[in-house]
Amino acid sequence: MIEKYKEINAYIQKVEDSEKIIDKESEAFEKKWKWNNYFWNTNDIIVEIGTWLWNFFSGEVSKNNDKNFIGFEIRYKRLFVTAEKTLEKWWVNFVLIKSMAQNIDKIFEKNEVSLTYIFFPDPWDKKDRQRKHRLWTLEFISNLYDITKSWWSVIFKTDHKWYFDDTLELINKFSKWNIEKLSYDYEVEIENFDKKNLTEFESIFREHKMKINYLELKKLKT
Ligand SMILES: C[S@@+](CC[C@H](N)C(=O)[O-])C[C@H]1O[C@@H](n2cnc3c(N)ncnc32)[C@H](O)[C@@H]1O
């Protein structure tokens, strides 16, 4: 079946051939609790969910050689372009995974991840039929908590206030996460806003002067 799609989408083959992309979920599942072996070091693991193009991911990889980066994306072209653009800057400490980020509990062991970035995930509609595709669910919030190391964090940004509020409600219901920072207009309200370090979506929203909702969660010692 996949062979048929390869004729239509040349990026399927490119992704398959890339040494910087794990395109089979089973291979990613096998690395659970073994990511430090994969990177040949014991450095912190930083995850970005929904890497789309490359600017934030590649920038972080090249600036932080003392950390290991794992990016999640589901689209072939986006994966391949991000891998290539990141390789232009630095080549050692990163890998991209073609998988739904909902699989984090199968890919990481408890306390395996230091920091997770979730920037502008698709919000999906409020209708039940659409809502089931959302990334932020109680199960995801719980799994994210489990895989995160104590004293480490998750940073979430979205332009959709209703999605932000729905997510906050779930996080409060789960109750274990400590809310370190919360803002409905983080460019104005949060200190140290770094306007040079933005994802593609955020750059577009800034041009339109849209307010960005920002949440920083911390796992306190358990
Ligand atoms: C709205 S874009 C935001 C991209 C980027 N984070 C930014 O801020 O510019 C969402 C990205 O997440 C990817 N995506 C959607 N659902 C996903 C999922 N369940 N797991 C991993 N990536 C996903 C999409 O393919 C898309 O590239």
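Just so you know, ligand 1 is whichever comes first in the structure, and atom 1 is the first atom listed for that ligand. For clarity, every value in this text was computed on a predicted model and none was experimentally measured. Just so you know, residue 1 is the first one in the sequence shown, and it goes up from there.
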Enumerated ligand 1 atoms positioned under 4.0 Å from heavy atoms of [X]:
| X | value |
| --- | --- |
| G50 | 4 (C), 5 (C), 6 (N), 11 (C), 12 (O), 13 (C), 22 (N) |
| S99 | 20 (N), 21 (C) |
| R75 | 25 (O) |
| R78 | 24 (C), 25 (O), 26 (C), 27 (O) |
| A101 | 18 (C), 19 (N), 20 (N), 21 (C) |

Problem - cation_pi(K32, F108) dist<6.0 Å, angle<=45 - result: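 Relative to the ring axis of F108, which defines the angle, K32 lies outside at least one limit.
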Problem - K219 to Y145, cation-pi by 6.0 Å centre distance and 45° axis angle - result: yes
Exercise for the section: Check the angle between the aromatic planes of F156 and W136 and answer parallel, tilted or perpendicular using the 30° and 60° thresholds. Expected result: tilted
What is the nearest protein non-hydrogen atom to [atom], stated with its residue, atom name and distance?
| atom | answer |
| --- | --- |
| atom 2 (S) of ligand 1 | F120 O, 3.6 Å |
| atom 8 (O) of ligand 1 | T199 OG1, 2.6 Å |
| atom 25 (O) of ligand 1 | E73 OE2, 2.5 Å |

Handout entry: K157: which of Y214, Y186, Y117 passes side chain to side chain donor-acceptor pair (under 3.5 Å)
Key = Y186
Problem - Neighbour count above 12 (heavy atom, 6.0 Å) for K77 NZ - result: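 No, not enclosed.
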Practice task
Tell me, please: is E202 in heavy-atom contact with ligand 1, that is, under 4.0 Å?
Solution key: no
Practice task
Could you check which of T51, D122, T158 puts a non-hydrogen atom nearest to atom 15 (C) of ligand 1?
Solution key: D122
Exercise for the section: Name the option, out of I49, I74, I204, that contains the heavy atom nearest to atom 23 (C) of ligand 1. Expected result: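 Comparing heavy atoms across I49, I74, I204, the nearest one to atom 23 (C) of ligand 1 lies in I74.
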Problem - Expected output: side-chain E48 to main-chain I70 donor-acceptor under 3.5 Å - result: no
